[in-house]
Amino acid sequence: MRVRFAPSPTGFLHIGGLRTALYNYLLARKHGGVFILRIEDTDRSRFVPEAEQDILDCLAWAGLEFDQGPEKEGDCGPYHQSKRSTLYEAAADTLVESGNAYIAFDTAEEIEVMRERHRTQDNPSPRYDLITRSEMSNSLTLSAQEVERRVGSGEPHVVRLLVQPGKSVQFDDFVRGTVTFESDTVDDQILVKSDGLPTYHLANIVDDHEMGITHVIRGEEWLPSTPKHILLYEALGWTAPRMAHLPLILSPTGGKLSKRNAEKQGIPVTVRQYRDAGYEPQAVVNFLAMLGWNPGDERELFSLEELVEAFSLERVGQAGVQFDLQKLSWYNQNYLRGRSSADIAGQMHPRITEQFGECSLESVVAAIDLMKERMVYAHDILEAAFLFERPLAYDEKSVKKKWKEDSGDLLKSFTRVLESTQHWTSDGLESALQSAIAELDIGVGQLMFPVRLALSGQPSGPGLYDMMVYFGRAETLFRLNDAAQRLP
RNA sequence: GCCGCGUUCGUCUAGGGGUUUAGGACGCCGCCCUUUCACGGCGGUAACACGGGUUCAAAUCCCGUACGCGGUACCA
């Protein structure tokens, strides 16, 4: 088995592209096959220089290692279509010679005029096909000498696929079963553009054949052009690979998860955005895997290795799937919890020192220990500012609600108990507080809430005693006294 | 318009003729835990698009309709 992921470097890698790459990767690994990365850079007008590096970075980030591709030569390179021109030229020549393709000289304007002429209410976009090609300037309507003269004089021209009418083009799709198209509904696809570069359709099938691709796994948007590809394989006398068209990822409101559509709803569309937003790569991978595929049992959490084990094309769904950011967060929370506090602390330490000033790595580890259960993203730790600096202000609502006239005095009384507390541990501090409220003859809440407020400035947070242990005696006493002074 | 693909809780889905009072997960709601918030535990909410057929029996098979999505480029 040989599969490939073949993105175009026209922009940053789309999240849907990553899913396509993932499914290809999983299938290859599952069957001990080869996973190839091929850069389809045949559109010069949309070429984005940084795009290729982004594709490489994002695949690496997600842990999808390819076997062959740019900077990883294998048995069928090069892996950029821009470096494989001779292959496409040869295929185009073969097709023209065998009468399966022809040369056309029409300019964009001439084609537009033809479309205008044939346009009706019922046919808003006339094709270049059986009906119309006879009235255009191409090697089917011009004499051989005239064609030769025009080509010889350097007149711009394209190569078009000659689609024969009345044929039923059929193929078996792994996820959709048998799909049939009538050749009458297929247009004479341009194979070689007037700049001499092949279109996707030609380059793609030439490369898939040359690279020995056995399974093509791609998005459903390619389904309508598959009959063209099948026709090309037939015309070249090649065996077509097996096809699998994946359900499209839709926006939560339906419709394509396009840049505009998605960003309006706060959904990142490029993999880079997920990386930058602090998503765990495993969470993204796991989430993406479940978007259109399921293992057939009730498991939800899968490592990449487990996905390889469980994956199969048979269990890929057929209906479009809506993207759900909340489910992704749930995955993220799960994978974050799976990481050690030391690991997360190591990642976040630089940002914490940058934001709050110098602090030891050990203290960050302790802070993560305190917060981990209530974090969804690694950077959530930054929101718990009180762990790294003294509260600048106290949550107004809580003060209004919980801070009573005697709270300051109670806090001061408590500091006297804490000064002499023997065991500065969670248990020791709990009994210290218990004895304090017994002595003062008050309810637990009357003391607990002011203490929490004094320590964190917040109405909620980690366990009170654990927090005191984290701060230590001196800092705890300082914050208690400070609050008693600053609050009314 | 035409061509193609699709349609089970709000979302991702299981189920593919009888085992289904349609199962799980996310979300939402409630209770418990915790005198905080989260985590966790327990419970609840909520779906077979519609209409015909086939059959003793249909979410499951067939046909139609509706709706959604994709394609309809010298883009991929």
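Labels below follow one simple rule: chain letters A, B, ... track the order of the sequence lines, proteins then strands, and each chain is numbered from 1.
Using a 4.0 Å heavy-atom distance criterion, A:T180 is classed as a sugar-phosphate-only contact. In this structure, A:P7 reaches neither bases nor backbone, as no heavy-atom distance under 4.0 Å exists between it and the strands shown.
Rounded to whole Å, the P atom of B:A46 lies 16 Å from the corresponding atom of B:C29. Atom P of B:A22 sits at a distance of 29 Å from the matching atom of B:C39, rounded to the whole Å.
Judged by distance alone, the side chains of A:E110 and A:S137 never bring a donor and an acceptor atom under 3.5 Å apart. Between the side chains of A:Q189 and A:T199, not a single donor N or O lies within less than 3.5 Å of an accepting N or O.
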Side-chain donor/acceptor pairs under 3.5 Å, residues 116-123 of chain A, sequence neighbours excluded:
residue: A:E116; atom: OE1; partner: A:R119; partner atom: NH2; Å: 3.4
residue: A:R117; atom: NH2; partner: A:E135; partner atom: OE2; Å: 2.6
residue: A:H118; atom: NE2; partner: A:E135; partner atom: OE1; Å: 3.4
residue: A:H118; atom: NE2; partner: A:E135; partner atom: OE2; Å: 2.7
residue: A:R119; atom: NH1; partner: A:P124; partner atom: O; Å: 2.8
residue: A:R119; atom: NH2; partner: A:E112; partner atom: OE2; Å: 3.0
residue: A:T120; atom: OG1; partner: A:D122; partner atom: N; Å: 3.3
residue: A:T120; atom: OG1; partner: A:N123; partner atom: N; Å: 3.0

Would you mind writing out the side-chain donor-acceptor pairs for residues 158-166 of chain A within the sub-3.5 Å range, not counting sequence neighbours?
residue: A:R160; atom: NH1; partner: A:D188; partner atom: O; Å: 2.8

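Among B:C3, B:C12, B:A76, the nucleotide with an atom closest to any side-chain atom of A:H201 is B:A76. Distance from the side chain of A:M448 is smallest for B:U35 among the nucleotides B:U35, B:A76, B:G1.
Using a 4.0 Å cutoff on non-hydrogen atoms, the parts of residues 323-336 of chain A near RNA chain B are A:D324, A:Q326, A:K327, A:W330, A:Q333, ordered by number. For RNA chain B, the neighbouring residues in residues 157-178 of chain A, judged by any heavy atom under 4.0 Å, are A:V158, A:R160, A:R176.
Every residue two or more places apart in sequence or in another chain that forms a ring-ring contact (aromatic ring centres under 6.0 Å, His included) with A:F174 is listed here: A:H215. Under the ring-ring contact (aromatic ring centres under 6.0 Å, His included) criterion, A:H229 pairs with A:Y200, A:H201, sequence neighbours left out. The ring-ring contact (aromatic ring centres under 6.0 Å, His included) search around A:F105 returns A:H157, not counting sequence neighbours.
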If you restrict it to nitrogen or oxygen atoms, what contacts under 3.5 Å exist between nucleotides 15-17 of chain B and the protein, and what is each distance?
residue: B:G15; atom: OP1; partner: A:R315; partner atom: NH1; Å: 3.4
residue: B:G15; atom: OP1; partner: A:R315; partner atom: NH2; Å: 3.2

N/O-N/O pairs, protein side and nucleotides 59-64 of chain B side, under 3.5 Å:
none

Please enumerate all protein N or O atoms sitting under 3.5 Å from an N or O of nucleotides 68-70 of chain B, with distances to 0.1 Å.
residue: B:G70; atom: OP1; partner: A:K256; partner atom: N; Å: 3.2

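A salt bridge does not link A:D482 to A:R390: none of the charged side-chain nitrogens sits closer than 4.0 Å to a carboxylate oxygen.
Residue pairs meeting the ring pair (Phe, Tyr, Trp, His ring centres under 6.0 Å) criterion with at least one member in residues 367-390 of chain A, sequence neighbours excluded: A:Y279-A:Y377, A:F356-A:F388, A:Y377-A:H379.
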Going 5' to 3' through nucleotides 41-49 of chain B, assign each nucleotide B (protein heavy atom under 4.0 Å from a base atom), S (under 4.0 Å only from sugar-phosphate atoms) or - (no protein heavy atom that close).
---------
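Distances shorter than 4.0 Å separate none of the side-chain N or O atoms of A:R38 from OP1 or OP2 on B:A76.
For A:K193, the NZ atom sits in a packed shell: over 12 heavy atoms of surrounding residues, nucleotides or ligands are nearer than 6.0 Å.
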